[in-house]
Amino acid sequence: MQIRKKITITYIALSCFSTSLLCLVIFSLFKQNNEYYFIKRLQDRAKIASSAHSQKTVEKKNYFQEFKKGGLEELIEEKDYILKVKGKNTFEYNTDLNLPPEFYNTIMKKGSSWFEEDYRYYYGQLFGEGEHKHIVIVTAKDRRGNTSAIYILQILLFGGVGFFILAYFFGQFFAQRVINPIARITKEVQRISASNLHNRLADTNGKDEISDLTETFNDMLDRLETSFEIQANFINNASHELKTPITTIIAETEIMLLKDRDKEEYIHSLENINKQASKLGNLTESLLKLTQTGYDGTKQVLDIARMDEILLEAKASIDTLFPDNRVNIKLKSIPDDESLLTIPCNRPLLELALNNIISNAVKYSNNDEVFVILSVDKSKIKIAITDIGIGIPPEDIPYLYEPFFRGKIASKYNGYGLGLPLAMKIIRMHNGELQIQSETGKGTVVNITFEKK
């Protein structure tokens with residue numbers, strides 16, 4: 001069953017129950033009120049009947065009878081009976097009255113009582129003192145009360161049926177108001193697929209559960225987009241980032257196979273191949289883990305490494321890739337306390353990120369001078385990479401972290417547009433911050449900051 005129908009049925013059921021309960025309470029209160037005032041009228045007549053009975057002269061008795069007829073509205077089939085009390089629990093019995101014994105017992109104990117049968121009411125009250133006690137029983141039919149009760153019952157019945165019909169339409173309207181935002185979200189979600197994961201649900205600008213659902217779903221799309229991006233670009237990333245060690249291994253073996261070499265040359269070559277193969281293995285394993293976990297920083301932090309050592313290793317890799325590079329590493333204000341230089345990290349990945357950024361500086365400055373400055377204090381580790389190359393146009397800066405994006409100027413150089421996005425994600429994985437400042441034709445400054453915990 002659809003939620004819309006469930007909401008409608010639930011609303012109708014609750015409305016019907018509450019309305020029925022309200023009608024029952026109203027009818028019960030009306031009947032009680034009607035009985036109360038009718039008994040009060042019988043009580044007044046009982047007092048007059050008792051007063052008339054207590055009079056010794058006929059004139060006074062007639063006076064009370066005339067007062068009753070002229071002063072009180074006549075009731076339907078009204079009758080009154082006087083029963084003399086002979087003892088503590090005995091009294092004269094009138095055969096015209098067929099009333100239960102409990103009725104008389106209550107009068108004798110409490111002084112008054114009433115009884116109703118088929119809308120005929122009997123009211124009895126004990127009067128007098130000492131040996132001159134008597135019971136006055138007044139009876140009459142409350143046809144007006146019966147008619148009023150039937151009229152009220154009809155009003156409640158037809159009103160209830162009318163309200164049930166309204167409840168159906170109100171339930172439909174209520175269900176539509178509740179379900180429409182969810183239906184809108186469902187419709188928007190159906191338009192999102194693997195090819196357009198960049199789309200997001202429109203913000204509702206509210207603070208209700210629908211707004212929370214929209215925000216949660218958008219957050220999930222962010223994670224899915226990152227995961228899909230990693231998987232879709234893995235082969236390209238691998239070919240881009242693994243090209244250097246593979247090229248080095250192939251070149252080394254081709255050179256060694258050109259002619260016979262001395263034993264020392266073979267050993268040196270095999271050591272170089274082993275080093276590049278180990279690096280290739282570590283890098284491949286790191287990239288595989290990165291793809292599987294979606295840049296989960298908790299799972300990827302494996303090592304405790306010194307930042308200056310990572311920079312020097314990145315410099316060694318760049319020396320192999322760009323033998324004539326002019327990268328200058330400046331270790332500014334390096335503290336004696338080694339712990340200030342260390343950072344929990346995935347060492348191969350962090351080296352890869354720094355390698356990508358420094359390589360870009362070398363490549364886009366045409367092997368001009370590049371400065372890498374490491375500064376450390378108690379709260380953070382900061383790396384500034386400065387080149388005096390071609391720079392980045394302002395219109396390209398917002399798209400730098402999109403995979404495969406390459407600006408018009410950068411497209412003249414070899415590359416895939418994957419190095420910087422991958423570096424940014426690796427740095428973010430290590431709870432770092434990457435900022436780029438650039439001016440066309442004057443160069444670029446990349447600031448990387450890692451907060452110390």
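For this chain, numbers begin at 1 and follow the sequence in order.
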Asker: Testing Ile392, Ile436, Thr444 one by one against Ile397 for a side-chain contact (heavy atoms from CB on, under 4.5 Å), which residue passes?
Answerer: Ile392

Asker: Using the side-chain contact (heavy atoms from CB on, under 4.5 Å) rule, take Ile318 and Asn355 through it: C-alpha gap first, then chi angles, then the decisive distance, then the call.
Answerer: CA-CA 7 Å; Ile318 291 171; Asn355 192 358; 3.2 Å; yes

Asker: To the nearest 0.5 Å, how far apart are CG in Leu350 and NE2 in His430?
Answerer: 5.0 Å

Asker: If a pair satisfies salt bridge (Lys or Arg N to Asp or Glu O under 4.0 Å) and one of its residues is in residues 7-25, list it, with sequence neighbours excluded.
Answerer: none

Asker: Could you tell me which non-hydrogen atom of Ala167 sits nearest to which non-hydrogen atom of Ser15, and how far apart they are?
Answerer: CB-CB, 3.9 Å

Asker: Taking the six-membered ring where the residue is Trp, are the ring centres of Phe38 and Tyr121 under 6.0 Å apart?
Answerer: yes

Asker: Any side-chain hydrogen bond (donor to acceptor under 3.5 Å, both in side chains) pairs touching residues 154-165, not counting sequence neighbours?
Answerer: none

Asker: Check step by step if side-chain hydrogen bond (donor to acceptor under 3.5 Å, both in side chains) holds for Glu451 and Asn431.
Answerer: CA-CA 7 Å; Glu451 297 291 338; Asn431 297 320; over 6 Å; no

Asker: Do the charged groups of Asp319 and Lys315 touch, with an N to O distance under 4.0 Å?
Answerer: yes

Asker: Atom CG of Leu400 and atom CG of Leu434: how far apart are they, to the nearest 0.5 Å?
Answerer: 9.5 Å

Asker: How long is the span from the OG1 atom in Thr139 to the CD atom in Glu78, to the nearest 0.5 Å?
Answerer: 9.0 Å

Asker: Quick one: closest heavy-atom pair of Gly160 and Thr19, and the distance?
Answerer: CA-CG2, 4.4 Å

Asker: First locate atom CZ of Phe450, then atom CD of Glu433, and finally report the distance between them rounded to the nearest 0.5 Å.
Answerer: 10.5 Å

Asker: Mind listing the side-chain donor-acceptor pairs of residues 267-274 below 3.5 Å, one per line with the distance, residues two or more places apart or on another chain?
Answerer:
from: Ser269; atom 1: OG; to: Glu252; atom 2: OE2; distance (Å): 3.0
from: Asn272; atom 1: ND2; to: Glu252; atom 2: OE1; distance (Å): 3.0

